[in-house]
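The structure under discussion appears below in the form of structure tokens.
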Amino acid sequence: MMGEDAKKFRMYVNGEWVESESGRRFSVTSPATGEKLGTFPKASREDVKAAVDAALDAQSTIADMPIAEREKLAVRIAEEIGNGVKGYARDLSLEHGKPIGEAIGEVHDVGPNILWQLEDLKRLDAPALEGYSTPDSWYITRWEPLGTIGVITPWNFPWLLPGEFVVQAMLAGNSVVWKPASYTPVSAAHLMECIHRAGVPPGVINMVTGGGSEAGTAIVEHPMIDGIGFTGETSTGEEISRRAGLKKLTLELGGLGPLIVMPDANPRRAAEDIAFGCFTNTGHCCVANERVLVHEDIHDAVLGPLMDETKKFRLGHPLDEETTLGPINNEPTAEKMEENIQDALDKGAKLLYGGKRVEGFPTKLYYEPALVDGVTEDMLFNERETFAPVAPIFRFSDLEEAIRIANGPRYGLSMAIHTNDLKTALEAARRLKSGQVTINEPVYSWDYHHPWGGFRKSGIGRIGARWSLTAFMEIKTVMINIGRSGR
Ligand code: NAD
């Protein structure tokens, strides 16, 4: 039996599907249909301790495993995911709300991503140096696993984001205790089933389910956890960094990504990228275009095509193949969208389109995409992520002002500029304080093979390609005296 027993899911510890010691459970409800999808154990500090104990016992099993053997595990995990894409994507759509086409793409990409990092592992090298004071000494550097890693993941991409950490931490030679988000644990259970079926040895990857304040905190504070791989909100990342002590932290946090449209940009192309980056995945993206900064000279030329692009998004049941915008995943996010829009309207902005709940669906979470014009720096849109399908439009009058607005809130994950002028593009690329700057692309843009992560409030560390391995490793120097002994 694989974790599911009449929709009663279990946690995975030491190679077994287990209950919580207290027997407490929480339930997961579909934002699309309102139906209860299942219940999950609510892990306590004791449950986390049991998972960490199992991971500690398994540490040397994985650290001593040859790369060729880790490769077989990674390939089998990728195959297991690949064999089940359709069914996993359906469950992902139902528990998250994202359209089925997006869900298929998300699940499908996890396998190739793992295999990419496997190739990086095979080629991970470190320099050997000749001694500076004497050629008799050699310095050999080695990448070594940290030990046991706590992985904590959010709900917005329930396959993609664990798919950047959980298996990679293992590939790097670590054992893992993973806690997925409580809004989307069904997808987590499916990924865990794939890992189980692939034959990963007991204790090497463990999954506990439950709340952030209880199970999440217990992982972060556990003295035998050596590193944390976390993706989630900036405020949670700040709390983790306060509680974690000297553990090695990789924190992939929020973004408030601006898309800057300069007056020489192509307005239609800009409108397409604005709509794509604001409404894809229902706006539940760290790399959503959270702020749309349009030069005053091109504002009106962009607005017409942007209205057309926005109207193209078809709100509906996520399993309907015509749907391109599903429901918002959860009520707190829906309320944040309402608060951010209301705050902007109260301070003088204009709602040009949508932004209201739509009747006639099974839940109250179905929203029309929203266009809000006249947004300014004193509004909530400029302070916190909306994380929902809205395009807040700011005006600016020169590049200097755009860069000031872009960098102002001190988030720096991905930022975009649309321009046909190379000098302007490169000046922006240099001056925007962000882990990624995209040129003539949406903020929402990434690939497998480049470093990913934020400046400032958007995080610490990098993942992607070999960075997903070295995030969970330390470099060690071994000094050898190859000549005369003594001094
Ligand atoms: P969240 O911070 O509320 O929760 C993320 C995870 O942390 C969940 O598993 C949660 O249970 C757990 N958690 C909550 N409080 C905790 C605590 N005190 N200690 C330990 N764990 C705790 O984030 P969310 O709402 O699930 O996700 C959305 C956020 O994630 C957005 O801010 C988004 O920008 C960010 N994100 C960033 C990236 C990136 O690559 N930088 C990617 C995706 C999402």
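We count ligands from 1, going down the list as the structure has it; atoms in each ligand are counted the same way. Reckoned from all heavy atoms, side chains included, excluding hydrogens, waters and symmetry mates.
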For this session: Compare Pro154, Gly212, Cys286 and give the one whose heavy atom is closest to atom 13 (N) of ligand 1.
Result: Gly212
Problem set entry | For Thr217, atoms of ligand 1 separated by under 4.0 Å from a heavy atom | 18 (N), 19 (N), 20 (C)
For this session: Go through ligand 1 atom by atom and flag the ones less than 4.0 Å from a non-hydrogen atom of Glu239.
Result: 18 (N)
Exercise. Would you call Trp178 and Leu191 a side-chain contact if the rule is heavy atoms closer than 4.5 Å?
Worked result: yes
For this session: State yes or no: are the ring centers of Trp155 and Phe387 separated by less than 6.0 Å?
Result: yes
Seminar exercise, completed: Of Arg242, Lys247, Arg45, the one forming a salt bridge (charged side-chain N to carboxylate O under 4.0 Å, His left out) with Glu221 is Arg45
For this session: Answer yes if the side chains of Asn281 and Lys98 hold a donor-acceptor pair under 3.5 Å, and no otherwise.
Result: yes
For this session: Under 4.0 Å from a heavy atom of Pro180: give me the atoms of ligand 1 that qualify, with their elements.
Result: 9 (O)
Exercise. Can you list the atoms of ligand 1 that are under 4.0 Å from a heavy atom of Gly216?
Worked result: 19 (N), 20 (C), 21 (N)
Exercise. Under 3.5 Å, N or O to N or O, is Thr236 touching ligand 1 that way?
Worked result: yes
Exercise. Among Ser182, Gly150, Gly232, which residue places a heavy atom closest to atom 29 (C) of ligand 1?
Worked result: Gly232
For this session: Number the atoms of ligand 1 from 1 as they appear, then name those within less than 4.0 Å of a heavy atom of Ile152, with their elements.
Result: 6 (C), 7 (O), 9 (O), 12 (C), 20 (C), 21 (N)
Problem set entry | Asn156 N/O under 3.5 Å from ligand 1 N/O | no
Problem set entry | Asn340-Arg384 side chain donor-acceptor pair, cut-off 3.5 Å | yes
Problem set entry | From Ile403 atom CD1 to Arg431 atom CZ, the distance as rounded to the nearest 0.5 Å | 4.0 Å
Problem set entry | Under-4.0 Å protein heavy-atom contact, atom 4 (O) of ligand 1 | no
